[in-house]
Amino acid sequence: MTIKEEFITDEQTVKFYQTGTFTVGNRLLDDEFRTVQATQERSNSIDSGHRACQGCGQALGARYALDTAMRVTDNQIIAANATGCLEVFTTPYPETAWSIPWIHSLFGNVASVASGIAATLKAKGDTTTRVIAQGGDGGTTDIGFACLSGLFDRNDDVLYICYDNGGYMNTGVQRSSATPGGARTSTSMPVGENPGSSFTTGKFLPAIAMAHEIPYVATASVHDLHDLERKVEKAMSFRGARYIQINVPCPLGWGSLPAQTIKLARMGVESGLVPLFEAEHGDLTHSTKIRYQVPVEEYLKLQRRFAHVLKPANIEQLETIRAIAEKNIKRYQLL
Amino acid sequence: MLHQMSGSIAVAKAVALCRPDVVPCYPITPQTHIVEHLSVLVKSGQLKNCTYENVESEFSSMSFCIGSSAAGARTYTATASQGLLYMMEAVYNASGLGLPIVMTLGNRAIGAPINIWNDHSDAMSVRDAGWIQLFVESNQQAVDVHIQAFKLAEALSLPVMVNMDGFILTHAITRVDLPEQEQVDQFLPSFVPRQKLDTQSPLSIGAMVGPDAFTEVRYLAHHKQKEALAIIEQQADEFLEIFGRDSGGLIKTYFADDADIVFVAMGSVVGTMQELVHELREEGFSVGILSLRSFRPFPANAICNALKNAKKAIVFEKSFAVGMGGILASEIHMATQRYIGEELKIKSVIGGLGGRTITKKSLKKLVECANKDELDDEVFMDLDGGTVVRELKRQQDGQTSGPAAENILRDIGVVSASKTH
Ligand SMILES: Cc1ncc(C[n+]2csc(CCOP(=O)(O)OP(=O)(O)O)c2C)c(N)n1
Ligand code: SF4
């Protein structure tokens with residue numbers, strides 16, 4: 001990444017916008033590296049005025065992902081949405097935050113609705129319009145799983161984006177199969193012998209998507225929006241089924257401060273709990289190295305859903321979470 | 001052109017003549033041959049510009065239909081029984097969104113106990129789902145009504161379900177007159193969607209509606225179905241003009257005008273009843289038939305008009321609301337109470353469940369009893385009362401009597417009696 005010449009002085013060759021974050025101010029960058037969000041001509045898939053909570057990672061992730069898709073297709077996208085926070089906070093009638101053609105049908109069927117749209121485009125010989133399906137982790141890993149697996153199997157020309165906030169947030173923070181072990185949700189309260197969500201064998205959808213050998217799979221996080229934009233752009237360069245899972249902190253469900261959404265997203269990645277990688281046709285092609293490894297407990301500390309995990313009595317839970325981070329680091333070569 | 005073919009193949013060919021853009025499918029007996037044949041038509045290139053897709057469930061196939069229809073495709077699928085229940089949430093959604101999907105329901109019983117044979121339990125399970133529901137008596141009607149179904153769906157922007165009896169029609173090889181492509185093109189213009197996912201004019205479809213407008217939106221669905229009453233008749237006339245056949249419409253009557261006793265029924269059983277009526281008329285019985293072609297919308301006026309001279313209506317149906325009784329009978333009762341009154345006696349007969357043969361003999365007995373004023377208000381035709389009584393006794397005798405279905409089969413000797421629990 002290059003820094004604009006005029007900003008490089010003798011005393012200070014590299015001037016970061018925020019210290020310690022690796023985030024570089026947009027105006028310091030060459031045009032090609034600037035985020036599309038900085039230009040007045042930027043596309044705008046989701047208008048302001050929607051009802052997401054303050055600091056909602058999903059609102060941010062969705063806007064960047066879809067704006068990128070709009071940009072690379074010259075606005076030729078149709079989006080289908082599962083029931084969930086994103087659907088609810090961007091509507092209801094007569095208001096809509098969507099400036100792209102958008103449909104919501106049900107909670108568990110967004111993949112098939114998107115496949116149906118893609119089938120129409122195919123029947124009509126429309127090769128320019130592209131289709132995006134989107135849902136929360138509950139809509140993706142649980143109730144919508146069968147439809148999604150069908151979409152992958154058929155290799156339908158759809159980009160599926162899962163906004164993973166680790167629970168059923170729209171209905172008041174219940175446990176989904178993507179809820180991290182130990183986390184408090186309203187159906188996995190921190191009571192009894194094994195407080196919080198149980199440590200199951202897990203259902204990590206990016207790996208399941210890879211097992212379907214679809215053209216492109218990626219994980220992304222809202223702390224690195226350029227990386228997210230790049231991955232969406234890359235996904236749009238493929239035909240067939242593509243899957244991107246974006247880690248989106250949810251202040252309400254996680255018990256975190258709205259102002260710490262970006263920080264938490266970054267710490268999730270830097271702790272090894274949220275591996276960022278890309279895969280093509282089932283093979284891992286790239287993983288993002290951890291720059292400053294963050295101890296797992298530093299990440300957990302900022303979220304009330306893990307408060308009990310940090311108590312001495314629950315040290316085993318903490319160890320289990322540490323082991324998960326270690327396993328990710330090894331499996332996805334994060335260091 | 002005249003052909004000899006099964007009902008399913010005929011329907012597949014009729015659907016192909018309607019030039020669908022998208023057909024997702026999922027197998028379930030007894031509709032499977034329809035989507036199998038469509039697959040051949042698409043794969044072999046006989047049906048062009050159509051995306052045919054094998055999806056992973058009925059829930060997915062109806063959801064696929066929702067997506068494709070919303071994107072502006074003429075969309076078709078077929079299912080039956082368990083498949084319809086599996087897609088239920090999407091069935092309601094398709095009508096709520098006002099998407100003109102056409103679906104064949106190869107009518108079949110619903111389990112448990114699992115049963116692949118014909119009755120109308122599946123159709124009745126979605127009677128409140130907001131779909132137009134048409135019934136056909138024969139395979140010729142199945143062909144003709146499917147062609148009308150697309151036109152009707154698209155005129156109303158509502159989904160249409162064509163009900164044809166599983167096996168009795170789907171698997172029966174009969175003579176059918178398949179229309180010419182030019183005739184179908186003349187009758188059925190290309191699809192212009194009322195709403196469409198279009199990048200040129202972006203719409204949000206399917207957002208939430210609260211108490212401030214929900215009643216009005218739902219009422220509108222009701223209103224549209226009532227509008228359909230006139231459109232169905234009108235399209236049947238148009239169909240007659242172009243194809244020279246009178247298939248469709250809201251109801252059909254056979255000797256009902258002057259009959260004291262009128263059978264009310266839907267679907268293929270009307271064929272059996274027609275034969276019986278001819279015979280009974282020769283024997284001097286004053287009997288006729290009212291066949292409902294349209295169940296939703298419910299043609300209350302047409303029904304009352306057809307029954308206005310009758311003394312007794314024997315409402316025969318292949319399903320019932322457990323714990324309540326005949327579904328069609330209650331609806332006929334409600335409609336006629338309002339417009340005809342107490343003079344017309346409604347007798348509810350439930351029969352043909354899970355594929356049980358409906359014989360002329362049993363139907364004749366109903367007429368004879370009704371004629372002598374000896375027909376009960378609610379009759380389960382051909383019910384083996386003894387078997388039921390014995391199973392009730394077993395259940396009374398012990399808490400652990402086991403699965404009733406198995407006990408009954410043992411009782412009547414269908415299962416070898418060697419194995420005991
Ligand atoms: C069939 C069905 N079951 C349950 C619901 C209730 N429901 C609506 S949204 C939702 C939670 C969505 O969770 P998720 O997919 O994780 O998205 P989030 O809201 O967290 O973004 C649930 C349980 C529903 N609408 N439909
Ligand atoms: S509950 Fe969470 S995901 Fe939903 S809008 Fe609020 S912050 Fe976003």
Side-chain angles (χ1 to χ4, degrees), chain A residues 45 70 73-81 83 87-88 90-126 128-131 133 143-154 156 158, chain B residues 19-24 26 42 47-75 77 86-87 89-90 92-94 96-97 99 101 193 195-210 212-214 217:
Chain A
S45 53
M70 280 179 87
T73 61
D74 197 18
N75 296 352
Q76 300 303 301
I77 56 169
I78 296 174
N81 217 122
T83 313
E87 168 255 329
V88 171
T90 53
T91 51
Y93 279 140
E95 287 144 19
T96 177
W98 297 98
S99 60
I100 51 175
W102 178 91
I103 183 169
H104 162 251
S105 168
L106 295 168
F107 188 22
N109 72 352
V110 66
S112 299
V113 171
S115 291
I117 298 168
T120 299
L121 298 175
K122 189 170 152 197
K124 308 233 174 213
D126 178 346
T128 49
T129 310
R130 309 294 300 276
V131 187
I143 199 166
F145 186 64
C147 290
L148 180 57
S149 174
L151 183 158
F152 289 164
D153 165 52
R154 296 184 301 268
D156 289 337
V158 173
Chain B
R19 306 184 190 272
D21 300 304
V22 175
V23 179
Y26 195 80
V42 175
L47 174 53
K48 293 190 175 47
N49 304 321
C50 174
T51 309
Y52 179 95
E53 202 59 81
N54 288 282
V55 295
E56 73 290 343
S57 74
E58 288 89 353
F59 177 64
S60 183
S61 80
M62 185 45 62
S63 301
F64 203 97
C65 288
I66 288 169
S68 63
S69 184
R74 180 170 286 163
T75 302
T77 192
Y86 199 74
M87 66 167 64
E89 197 192 5
Y92 270 77
N93 196 250
L97 292 174
L99 298 172
I101 298 157
Q195 49 175 359
K196 184 178 152 189
L197 294 165
D198 183 358
T199 53
Q200 299 313 308
S201 59
L203 281 179
S204 292
I205 298 179
M208 186 181 264
V209 171
D212 39 358
F214 197 76
V217 173

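Letters go in sequence order (proteins before strands), and every chain restarts at 1.
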Point to revise | Toward chain B, the part of A/Ser105 with a non-hydrogen atom under 4.5 Å | key: both
Study note, to complete from the structure: Among B/Val209, B/Asp21, B/Asn49, B/Thr51, the residue with the most heavy-atom pairs under 4.5 Å to chain A is B/Thr51
Review point. Quick one: of A/Asn109, A/Val110, A/Thr96, A/Thr91, who has the most non-hydrogen atom pairs under 4.5 Å with chain B?
Key: A/Asn109
Point to revise | Distance, nearest 0.5 Å, that separates NE2 of A/His104 from CD1 of B/Ile66 | key: 10.5 Å
Review point. Quick check: are there more than 12 heavy atoms from other residues, nucleotides or ligands sitting under 6.0 Å from OH of A/Tyr93?
Key: yes
Review point. Checking heavy atoms, do the side chain of A/Ala80, its backbone, both or neither come under 4.5 Å from chain B?
Key: neither
Practice item. Locate the shortest heavy-atom distance separating A/Gly108 from B/Phe59; write the atom from each residue and the value. Key: O-CE2, 3.4 Å
Practice item. Report the residue from A/Thr128, A/Asn75, A/Ile78 that forms a side chain to side chain contact (heavy atoms under 4.5 Å, CB included) with B/Thr199. Key: A/Ile78
Revision key, fill the gap. Ranked by heavy-atom pairs below 4.5 Å to chain A, first place among B/Val55, B/Leu203, B/Leu97 goes to B/Leu203
Review point. Counting heavy-atom pairs under 4.5 Å to chain A, which of B/Lys48, B/Glu89, B/Glu56 comes out on top?
Key: B/Glu56
Study note, to complete from the structure: For A/Ser115 and B/Phe64 the tightest heavy-atom approach is CB-CE1, 3.3 Å
Review point. Side chain, backbone, both or neither: which part of B/Ser204 has a non-hydrogen atom closer than 4.5 Å to chain A?
Key: both
Revision key, fill the gap. Bottom line for B/Val22: the part with an atom under 4.5 Å from chain A's heavy atoms is side chain
Practice item. Can you tell which part of B/Ala90 gets under 4.5 Å to a heavy atom of chain A, answering side chain, backbone, both or neither? Key: both
Practice item. Take B/Glu53 and A/Asp156, measure what side-chain contact (heavy atoms from CB on, under 4.5 Å) needs, and give me the verdict at the end. Key: CA-CA 10 Å; B/Glu53 202 59 81; A/Asp156 289 337; 3.9 Å; yes
Practice item. Would you mind checking which part of B/Asp198 comes under 4.5 Å of any heavy atom in chain A, side chain (CB onward), backbone (N, CA, C, O), both or neither? Key: backbone
**Study point:** chain A contacts, top residue of B/Pro24, B/Ala70, B/Gly72 (heavy-atom pairs, under 4.5 Å)
**Key:** B/Gly72
Practice item. Among A/Ala79, A/Ala114, A/Pro94, A/Pro92, single out the residue with the greatest number of heavy-atom pairs under 4.5 Å to chain B. Key: A/Pro92
Point to revise | For A/Ile117 against B/Gly67, the heavy-atom pair lying closest together | key: CG1-O, 3.4 Å
Practice item. Find the one option among A/Ile100, A/Leu121, A/Val88 whose heavy-atom pairs under 4.5 Å with chain B are most numerous. Key: A/Ile100
Review point. Using non-hydrogen atoms only, which part of B/Leu197 is less than 4.5 Å away from chain A: side chain, backbone, both, or neither?
Key: both
Check your understanding: Between B/Asn54 and A/Arg154, does a side-chain contact (heavy atoms from CB on, under 4.5 Å) hold up when you go through it step by step?
Key -> CA-CA 8 Å; B/Asn54 288 282; A/Arg154 296 184 301 268; 5.8 Å; no
Exercise for review: For a side chain to side chain contact (heavy atoms under 4.5 Å, CB included) with A/Val113, tell me which candidate from B/Ser63, B/Ser68, B/Cys65, B/Ser60 qualifies.
Suggested key: B/Ser63
Review point. Highest number of heavy-atom pairs under 4.5 Å with chain A: which of B/Gly206, B/Ser69, B/Ser201?
Key: B/Gly206
Review point. Does OH belonging to B/Tyr52 count more than 12 external heavy atoms closer than 6.0 Å?
Key: yes
